[in-house]
Amino acid sequence: MKSRKILTTLFAAASVATLLGAAPVTVNAASSVSTTTSTENSPKLIIQNIPKLSKWGYIVNVNSSAQPIYVGKSNYAKLVNNPLFKGTRTVSPKKIKNVRFKVEKVMHFKGVSGSPEYFVTSKDHKYNGWTPSAGLQYYAINSKPLQRVIKPLKKIEGRSPIKQNGKFTSKGTITDRKWLAKNEHDYALAVKAAKKLKGNQRKFVLGSLKQMKQDGVLRNVMMEKKDNILLWSVN
């Protein structure tokens, strides 16, 4: 699963660079959605607000150099609706490992397969950039209390549904009852551990777990594609 995420990240970065290289960006400042096209046959770039992630505020760290993070407050307004913009200064993820970011926008191509990218910004807008979800993680993911939540989630992620009896649909939805029962058991353990957390951390983790179930992740093999910061941090 981890290697699959790395490949997905590299593919997404290469795809975005290739596709954006041929397409000028059209920005509508009054709209939450921006689109871009260069010819009739070129893919349409769609940038949207993503309130279900933005509502959590500044809770993610950048943990990958797959895409650059630019330094400078002036870059914020230039980057937020224009992924083609290139700043003059970048920063290494090692130097901002303790800086918290907020997810503000999501970008994907209409009619083109591949992972979306997310626009993230630090609280003072000093650091800004577009990055795949595999380049982001919840800031406290390595804490001991969080690991009690993550451990059962890793079991769900690592439980391969690809069996000879093929008990899943073409869309990746599981129909194997025994497989699902194991997922539900581990999910319950994660919820139990999350309830022992405190404050905003407890609210965030329980909210993410609830979203995970609502999104049907327990029945679907493609959990890493969901817009869920907690699941991005499971690897």
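This structure is a prediction, so every number in the text was calculated from the model and none was measured.
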**OP:** Answer with yes or no after comparing the ring centroid distance for Tyr70 and Trp130 against a 6.0 Å cut-off, counting only values under it.
**Re:** no
Original post:
What pair of heavy atoms forms the shortest contact from Gln201 to Ala140, and how long is it?
Top reply: NE2-CB, 3.5 Å
Original post:
Are side-chain heavy atoms of Glu117 and His108 found at a separation under 4.5 Å?
Top reply: no
Original post:
Hey, does the side chain of Ser133 reach the backbone of Trp232 with a donor-acceptor pair shorter than 3.5 angstrom?
Top reply: no
Subject >> ILVMFWY network linking Tyr58 to Leu230, side-chain heavy atoms under 4.5 angstrom >> reply: no
Subject >> Modelled atom types, side-chain donor and acceptor of Tyr76 and Glu104, under 3.5 Å >> reply: yes
Original post:
Is a donor on one side and an acceptor on the other found under 3.5 Å between the side chain of Gln147 and the backbone of Ile141?
Top reply: yes
**OP:** Decide whether Tyr138 and Asn61 meet the rule of one side-chain donor and one side-chain acceptor closer than 3.5 Å.
**Re:** no
Original post:
Considering all heavy atoms of both residues, which atom of Val205 and which atom of Ala194 are nearest to each other, and what is their separation?
Top reply: CG1-CB, 3.6 Å
Original post:
Do the non-hydrogen side-chain atoms of Lys52 and Asn228 ever get within less than 4.5 Å of each other?
Top reply: no
Subject >> Exam field: side chain Gln211 to backbone Asp227, donor-acceptor pair closer than 3.5 Å >> reply: yes
Subject >> Considering all heavy atoms, the nearest Ser64-Pro93 contact >> reply: O-CG, 3.5 Å
Original post:
What's the spacing between Leu84 CG and Lys78 NZ if we round to 0.5 Å?
Top reply: 14.5 Å
Original post:
Between the main-chain N or O of Ala193 and the side-chain N or O of Arg148, is there a donor-acceptor pair closer than 3.5 Å?
Top reply: no
Subject >> Close side-chain approach of Leu45 and Pro83, heavy atoms under 4.5 Å >> reply: yes
**OP:** Could you check whether the rings of Phe101 and Tyr127 sit parallel, tilted or perpendicular, using 30° and 60° as the cut-offs?
**Re:** tilted
Original post:
Say you draw a straight line from CG of Asn63 to NZ of Lys94; how long is it, rounded to the nearest 0.5 Å?
Top reply: 13.0 Å
Original post:
For His185, what residues pass the ring pair (Phe, Tyr, Trp, His ring centres under 6.0 Å) criterion, not counting sequence neighbours?
Top reply: none
Subject >> Leu209 reachable from Leu189 in the ILVMFWY side-chain graph, under 4.5 Å edges >> reply: no
Subject >> Leu53, Leu136, Ile229 screened by side chain to side chain contact (heavy atoms under 4.5 Å, CB included) with Ile59, the one that passes >> reply: Ile229
Original post:
Side-chain contact, heavy-atom cut-off 4.5 Å: Val106 with Ile47?
Top reply: no
**OP:** Report the C-alpha distance between Met107 and Tyr118 in whole Å, list the side-chain angles of each, state the deciding distance to 0.1 Å, and finish with yes or no for side chain to side chain contact (heavy atoms under 4.5 Å, CB included).
**Re:** CA-CA 6 Å; Met107 172 179 67; Tyr118 300 85; over 6 Å; no
**OP:** Start with the C-alpha gap between Met212 and Ile156, add the side-chain angles, then the distance that decides, and say whether side chain to side chain contact (heavy atoms under 4.5 Å, CB included) holds.
**Re:** CA-CA 12 Å; Met212 173 183 172; Ile156 295 174; 4.0 Å; yes
Original post:
Ile96 versus Val62: any side-chain heavy-atom pair under 4.5 Å?
Top reply: yes
**OP:** Find out whether the Lys NZ or Arg CZ of Arg100 is both under 6.0 angstrom from the six-membered ring centre of Tyr139 and within 45° of the ring's axis.
**Re:** yes
Subject >> Any donor-acceptor N/O pair, Asn128 side chain to Thr121 backbone, under 3.5 Å >> reply: no
**OP:** Report the relative orientation of the aromatic rings in Phe204 and Trp56; use parallel for angles under 30°, tilted for 30 to 60°, perpendicular for over 60°.
**Re:** perpendicular
Original post:
What about Leu206 and Val234, same hydrophobic cluster or not, with Ile/Leu/Val/Met/Phe/Trp/Tyr joined at side-chain heavy-atom distances under 4.5 Å?
Top reply: yes
**OP:** Report yes if the side chains of Phe109 and Ile46 come closer than 4.5 Å at any heavy-atom pair, otherwise no.
**Re:** no
Original post:
Which distance, rounded to the nearest 0.5 Å, do you find between the NZ of Lys97 and the OG of Ser92?
Top reply: 10.0 Å
Original post:
Do Ser54 and Lys102 have side chains that get closer than 4.5 Å, going by heavy atoms?
Top reply: yes
Subject >> Spacing of CD1 belonging to Ile150 relative to NZ belonging to Lys155, to within rounding of 0.5 Å >> reply: 13.5 Å
Original post:
Do the side chains of Asn75 and Thr88 get nearer than 4.5 Å, heavy atoms only?
Top reply: no
Subject >> Donor-acceptor side-chain pairing of Asn49 and Lys105 below 3.5 angstrom >> reply: yes
